[in-house]
Amino acid sequence: MIHLRGAKALRIAAIAATTGLTILAGVSSAAADTVVKWLHLETDPNYVAVWRKIADQYEAKHPGTKIEMQFLANEAFKAKLPTLLQSKDAPDFFFSWGGGVLKQQQATGTLMDLTAAMNAKDGAWVKSYNPAAVKGLTFDNKISAVPYKLGTVSFFYNKALFAKAGVDASAIKTWDDYLAAVKKLKAAGIAPIAGGGGEKWPIHFYWSYLVMRDGGQQVFNDAKNGKGNGFNDPAIIKAGEQLAELGKLEPFQPGYLGITWPQALGVFGDGKAAMILGFENTVANQRTNAGDAKGLADDNIGRFAFPAVTGGAGLPTDTLGGLNGWAVTKKAPPEALDFLAYLTNAENERTLAQAGMIVPVAVGAEDGVKGPLMHEAADQLAHSTWHQNFFDQDLGPSVGRVVNDVAVGIVSGQISPKDGAQQVQDSFEQDQL
């Protein structure tokens with residue numbers, strides 16, 4: 001039996017008491033190290049190095065605990081995680097996009113209910129985060145993941161290529177303005193957009209944003225709750241028509257349907273496309289994936305929000321993006337919770353923000369946000385009138401896959417907007433059975 005001494009014993013015992021786990025006393029402290037298995041999908045070695053440094057600092061302060069970082073690529077992560085969570089090799093905690101996927105994982109009983117642990121000691125832990133972040137990761141009054149970061153998707157552009165084509169980014173306010181810019185870039189012999197159609201989900205950003213701009217929050221909420229016309233709503237079909245219109249302009253680089261997201265970032269970073277619709281940390285990620293590992297200079301990259309749709313019910317201040325967290329598996333040791341509280345405290349979230357990795361959710365870490373474009377993303381989120389989680393995550397894995405398939409099918413001309421909307425509706429109805 002393990003005999004725990006000092007502050008670590010008190011901390012772990014407190015966590016154990018709130019999570020229903022039992023710490024047995026009376027055993028020598030010479031027992032084997034506790035290994036905390038952390039599963040992530042981060043491909044940027046610079047980011048992983050920042051994490052590793054934080055983990056090393058934790059280990060130095062907590063002898064007897066080892067943090068083991070495990071990696072799966074994005075698509076392998078999505079494909080293998082359900083099976084992995086049911087196996088003896090399940091991680092202790094893993095990255096989550098939240099939404100319906102996280103809710104479903106909670107419903108299967110594979111996740112630890114974090115509510116009691118995070119509300120212990122007068123709620124000191126739970127109060128250390130933005131309340132909206134906690135709320136977004138809570139289902140049926142159970143906290144299902146530890147908040148990590150907020151994010152928003154927007155357009156990033158190559159200033160030099162825009163100047164060459166005579167495109168003024170500040171004038172792109174509506175979808176019609178955006179299409180006009182695409183045409184100008186094409187006329188100048190420049191590939192307008194770096195697309196990662198091989199993984200499909202990067203294309204769903206366009207369909208999702210157009211649904212938000214055309215229908216607004218009410219239409220999307222009704223659709224995902226089985227009300228009204230569902231995904232056959234006229235505004236959703238119109239969004240598909242607008243996406244099809246973009247597709248007919250052939251706006252992406254040649255071969256985009258076989259390109260992964262990291263490769264698309266490389267296309268943008270190599271100056272082979274003028275724009276990319278991507279995450280808040282695109283500036284750093286394009287460097288990592290560029291052929292010379294340097295990419296575009298920071299001052300050659302601009303950013304603008306997804307444009308409004310004339311006559312649409314959605315607001316230009318509505319945002320699409322992530323609310324990411326760390327989900328904890330049911331059999332994780334108390335040390336996993338202790339490390340997660342450390343990983344996401346204000347000091348470490350500030351460090352991650354300073355590295356250009358995140359828009360933090362820890363209270364007091366906001367001053368760590370560096371770089372003008374990351375500041376723009378943080379400001380946009382601060383003034384968001386509706387922040388919507390990625391559709392493919394919010395709608396759950398089954399419907400989400402269809403959303404991604406349909407988005408690629410519409411933009412490539414393989415599916416009509418009306419048929420695409422019906423396919424999503426059919427998948428939604430099947431998922432309710």
Side-chain angles (χ1 to χ4, degrees), residues 2-19 21 23 27 29-42 44-72 89-96 111-112 114 116-121 123-129 133-134 137 143 145-149 324-358 360-365 367-368:
I2 301 174
H3 181 56
L4 299 169
R5 293 186 174 89
K8 182 179 179 182
L10 293 174
R11 181 173 54 255
I12 292 176
I15 293 173
T18 59
T19 56
L21 298 174
I23 300 297
V27 185
S29 60
D33 290 336
T34 297
V35 177
V36 175
K37 295 185 290 184
W38 170 5
L39 180 62
H40 68 90
L41 43 69
E42 180 56 64
D44 189 323
N46 298 313
Y47 290 1
V48 175
V50 176
W51 276 342
R52 187 65 254 174
K53 184 177 180 180
I54 292 173
D56 290 344
Q57 290 169 343
Y58 180 85
E59 289 177 354
K61 296 175 182 177
H62 302 82
T65 300
K66 297 296 181 185
I67 309 300
E68 179 184 285
M69 297 177 70
Q70 304 173 337
F71 167 80
L72 278 176
D89 297 319
D92 293 314
F93 70 92
F94 60 93
F95 183 84
S96 174
L111 301 185
M112 186 183 295
L114 301 173
M118 294 184 69
N119 281 285
K121 299 181 180 178
W125 188 8
V126 78
K127 291 175 183 175
S128 69
Y129 306 111
V134 177
L137 296 170
I143 302 174
V146 176
Y148 170 51
K149 65 174 183 175
N324 305 117
W326 300 108
V328 183
T329 52
K330 205 160 193 176
K331 296 181 180 179
E335 290 89 343
L337 297 187
D338 193 57
F339 173 68
L340 273 171
Y342 178 80
L343 174 66
T344 59
N345 68 24
E347 181 181 352
N348 286 322
E349 286 247 313
R350 185 180 297 110
T351 296
L352 297 171
Q354 289 170 340
M357 297 171 65
I358 65 169
V361 293
V363 175
D367 59 353

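These numbers come from a predicted model, not from an experiment. Residue numbers count from 1 along this sequence.
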Residue pair [X] / [Y]: nearest heavy atoms and the distance that separates them:
X	Y	value
D92	V35	OD2-O, 3.5 Å
L111	A327	CD2-CB, 4.1 Å
L340	W125	C-CZ2, 4.3 Å
P360	A353	CD-CB, 4.0 Å
L137	A145	CD1-O, 3.8 Å

Rounded to the nearest 0.5 Å, how far apart are [atom1] of [X] and [atom2] of [Y]?
X	Y	atom1	atom2	result
K66	D56	NZ	CG	9.0 Å
L41	Q70	CG	CD	12.5 Å
D33	E335	CG	CD	10.0 Å

Taking the basic N atoms (NZ, or NE/NH1/NH2) and the acidic carboxylate oxygens, is any pair closer than 4.0 Å for R52 and E59?
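Looking at R52 and E59, the cut-off is met.
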Determine whether [X] and [Y] make a side-chain contact, defined as any pair of heavy atoms from C-beta on separated by less than 4.5 Å.
X	Y	answer
L343	W51	yes
P147	E349	no
V36	I67	yes
M112	L337	yes

Partner of T344 by side chain to side chain contact (heavy atoms under 4.5 Å, CB included), out of V361, V146, I54, L352
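Answer to the side chain to side chain contact (heavy atoms under 4.5 Å, CB included) test with T344 among V361, V146, I54, L352: V146.
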Check: F93 main-chain N/O paired with T329 side-chain donor or acceptor under 3.5 Å
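Absent.
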Using modelled atom types only, decide if a donor and an acceptor are shared between the side chain of R350 and the backbone of D367 within a distance under 3.5 Å.
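Absent.
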Testing F339, F94, Y342, Y148 one by one against W326 for a ring-ring contact (aromatic ring centres under 6.0 Å, His included), which residue passes?
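Output: one option passes, namely Y148.
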Which of these passes ring-ring contact (aromatic ring centres under 6.0 Å, His included) with H40: Y47, F95, F71?
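The single option meeting the ring-ring contact (aromatic ring centres under 6.0 Å, His included) with H40 is F71.
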